[in-house]
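Heavy-atom basis, side chains included; hydrogens, waters and symmetry copies ignored.
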Amino acid sequence: MWAAEHPAGKIRCDGAIEREVRARGFRFVAGVDEVGRGALFGGVFAAAVILAPDRPVRGLNDSKQLEAERREVLAVRIRERAVAWSVAAVDAATIDRINIYHASRLAMKLAVQKLEPAADFLLIDALYLDVPVAQRALIQGDARCHAIAAASILAKVERDACMREWDAVFPDYGLANHKGYSTPEHASALAEHGPSPLHRLSFAPVRSRSLLRMDPEEQMDLFDDMAIRECL
């Protein structure tokens, strides 16, 4: 597998890479990105977006560099103007079973597979996917490429909305504030209340607060056994 491409010179988020790929004859160029990889709670989300060359969305950038209100505005415009877009998620139990790296790749793969029309070229933030589609992996892609930035925005907006909903179900953890990431508030809540059913037990800060003291490898075996029973 090829190595991901590092930026050359000053980083600027624009549509140059998409234009280069379209000039080679590709029509449906999708940007792909994930969010929530480092969170302690909930799933990892991914989005795939095929932007329309004749309906640009101004102001696209890495979702982490944008205020929440700006992300919401841009998300509406992306959904209205894109040729196609999709969002997918992989839940905490699957993250614990297959690890966060593989879960992130799975979420991105699912998002790509949901696109209609299907993409004929992928621009992906930092890694390659095992799908039969031509692709390029770009280091800091969400800060360099409009299509990847659009995907990062949609994934972030969708995940944040889910965290606000889960906050009503698990009000002790402050999920609406930190969105499930590791913060002093979240650490204090875990120390006081222990993990919820949707916390990632394979992550050390969560596992250390769990009443179920288990070696990570034993935990993976438990999830495997559960999956086998569900299939019988």
[atom1]/[X] to [atom2]/[Y] distance, rounded to the nearest 0.5 angstrom?
X: I148; Y: L51; atom1: CD1; atom2: CG; result: 10.5 Å
X: C162; Y: L198; atom1: SG; atom2: CG; result: 11.0 Å
X: T183; Y: Y181; atom1: OG1; atom2: OH; result: 12.0 Å
X: L74; Y: R70; atom1: CG; atom2: CZ; result: 4.5 Å

Over all heavy atoms of both residues, which pair between A151 and G31 is shortest? Give the atoms and the distance, please.
-> CB-O, 3.5 Å
List the atom of A92, the atom of G42, and the distance in Å for their closest heavy-atom pair.
-> CB-O, 3.9 Å
Hey, does [Y] have a side-chain heavy atom less than 4.5 Å from the side chain of [X]?
X: L154; Y: F45; value: no
X: L129; Y: V112; value: yes
X: D33; Y: I124; value: no
X: H178; Y: L175; value: yes
X: L201; Y: P195; value: yes
X: V32; Y: L123; value: no
X: S152; Y: D125; value: no
X: W166; Y: S196; value: no

Using the side-chain contact (heavy atoms from CB on, under 4.5 Å) rule, take C13 and R144 through it: C-alpha gap first, then chi angles, then the decisive distance, then the call.
-> CA-CA 4 Å; C13 192; R144 299 167 57 191; over 6 Å; no
Go through L60 and I78 one step at a time and tell me if the side-chain contact (heavy atoms from CB on, under 4.5 Å) criterion holds.
-> CA-CA 9 Å; L60 293 175; I78 293 165; 3.8 Å; yes
Between [X] and [Y], is there shared hydrophobic-cluster membership here, with clusters defined by ILVMFWY side-chain heavy atoms closer than 4.5 Å?
X: V49; Y: V35; value: yes
X: I153; Y: M163; value: no
X: V87; Y: V44; value: no

Under 3.5 Å donor-acceptor, [X] side chain and [Y] backbone:
X: T94; Y: V90; value: no
X: S86; Y: K114; value: no
X: Q135; Y: V133; value: yes
X: E34; Y: A47; value: no
X: E116; Y: A84; value: no
X: H146; Y: V57; value: no

Counting heavy atoms not belonging to R37, are there more than 12 under 6.0 Å from its CZ?
-> yes
Is the number of heavy atoms from other residues, nucleotides or ligands within 6.0 Å of CZ (R24) greater than 12?
-> yes
Per the side-chain contact (heavy atoms from CB on, under 4.5 Å) rule, which among I100, D91, L40 passes with R200?
-> I100
Residues pairing under ring pair (Phe, Tyr, Trp, His ring centres under 6.0 Å) where one sits in residues 66-122, two or more places apart or in two chains, turn out to be F26-F121
Check whether the ring centres of H199 and H186 lie less than 6.0 Å apart, and answer yes or no.
-> yes
Partners meeting side chain to side chain donor-acceptor pair (under 3.5 Å) with D142 (sequence neighbours left out) | K64
For F41, is the NZ or CZ atom of R159 found under 6.0 angstrom from the centre of its six-membered ring and inside 45 degrees of the ring axis?
-> no
Are the charged groups of E20 and R136 less than 4.0 angstrom apart, N to O?
-> yes
Would D160 and R71 pass as an ion pair if we require N to O under 4.0 Å?
-> yes
